[in-house]
Amino acid sequence: MVSKEYKRDSSLREKFQLLRSITNSHAVTVDTLEKGFMIKIMSGKNEPGMLVCVLEAFEDLGLEVVEARVSCTDSFSLHAIGISNNDDAECMDAEAVKQAVSVAVRTWSDSHDPRGGRISDSTGKGT
């Protein structure tokens, strides 16, 4: 005999999975630190190769990752601290980093999802 609580939890889990599968949004936030940036990326689903794509964007920007926490289980989450290894670090700002990472994530997502992806900033509005 299955309890009501188990059925309710199972139903909620199924609804959450459905919502997660139809939501293909990404949130990218970048905060300026004393030396470098805190970059946070959240995606509704884990997409194979997303981490490589993000790390390549960091490399293109001249950012060296000094600390990172990544989760790629069901969804994709990355919190990384990056510092510039270029002499022109003064010219780089958080908005430029955010735009470059957002474009990389959107390009990757669009090329691997037939429905196309949507990137949003931390407010939930599209970029």
Side-chain angles (χ1 to χ4, degrees):
M1 180 174 219
V2 179
S3 71
K4 288 180 184 180
E5 186 175 310
Y6 178 80
K7 286 181 181 179
R8 182 179 55 89
D9 288 348
S10 180
S11 176
L12 287 174
R13 193 174 309 113
E14 288 173 14
K15 289 176 183 176
F16 181 69
Q17 288 296 91
L18 176 62
L19 179 62
R20 185 181 284 171
S21 71
I22 61 174
T23 303
N24 188 24
S25 63
H26 307 282
V28 177
T29 59
V30 179
D31 298 315
T32 304
L33 303 175
E34 186 177 327
K35 293 184 178 182
F37 303 95
M38 168 61 85
I39 301 127
K40 298 177 184 175
I41 303 169
M42 301 292 289
S43 176
K45 67 176 189 170
N46 180 25
E47 300 175 34
M50 179 71 77
L51 179 59
V52 172
C53 174
V54 170
L55 294 176
E56 287 173 348
F58 289 173
E59 185 177 329
D60 291 345
L61 288 167
L63 288 178
E64 180 181 337
V65 177
V66 294
E67 185 177 327
R69 184 176 349 158
V70 180
S71 174
C72 301
T73 309
D74 292 325
S75 60
F76 179 87
S77 169
L78 176 131
H79 292 194
I81 297 175
I83 59 172
S84 178
N85 56 18
N86 294 334
D87 293 335
D88 62 347
E90 297 294 322
C91 298
M92 192 181 314
D93 67 345
E95 189 59 33
V97 173
K98 178 181 175 180
Q99 288 300 322
V101 172
S102 295
V103 167
V105 171
R106 180 175 38 240
T107 301
W108 177 262
S109 182
D110 287 351
S111 68
H112 291 83
D113 184 356
R115 295 173 297 168
R118 179 176 182 270
I119 297 180
S120 64
D121 60 18
S122 59
T123 63
K125 298 176 184 171
T127 58

Criterion side chain to side chain contact (heavy atoms under 4.5 Å, CB included) on I41 and V101, from CA distance to verdict: CA-CA 9 Å; I41 303 169; V101 172; 3.5 Å; yes

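Contact check for L33 versus I81: side-chain heavy atoms found under the 4.5 Å cut-off. Using a 4.5 Å cut-off on side-chain heavy atoms (C-beta onward), I39 and L63 make contact. You'll find the side chain of D93 stays beyond 4.5 Å of the side chain of T32, heavy atoms only. A heavy-atom distance below 4.5 Å is found between the side chains of H79 and S77.
Under the 4.5 Å side-chain heavy-atom criterion for grouping Ile, Leu, Val, Met, Phe, Trp and Tyr, L55 is connected to V105 within one hydrophobic cluster. In this structure, V66 is not a member of the same hydrophobic cluster as V54, with clusters built from ILVMFWY side-chain heavy atoms closer than 4.5 Å.
Taking all atoms of both residues into account, the shortest heavy-atom contact from K35 to I83 is O-CG2, 3.0 Å. L61 and A100 get closest at one heavy-atom pair: CD2-CB, 3.6 Å. Heavy-atom minimum distance, A104 versus C53: O-SG, 3.2 Å. When all heavy atoms are compared, the tightest approach of A80 to V65 is CB-CG1, 4.4 Å.
Note that the OG atom of S75 and the CE atom of M50 stand 11.0 Å from one another [nearest 0.5 Å]. Here the CE atom belonging to M42 is positioned 9.5 Å from the OG1 atom belonging to T29, to the nearest 0.5 angstrom. The structure places CZ of R69 at 10.0 Å from CG of L78, a figure rounded to the nearest 0.5 Å.
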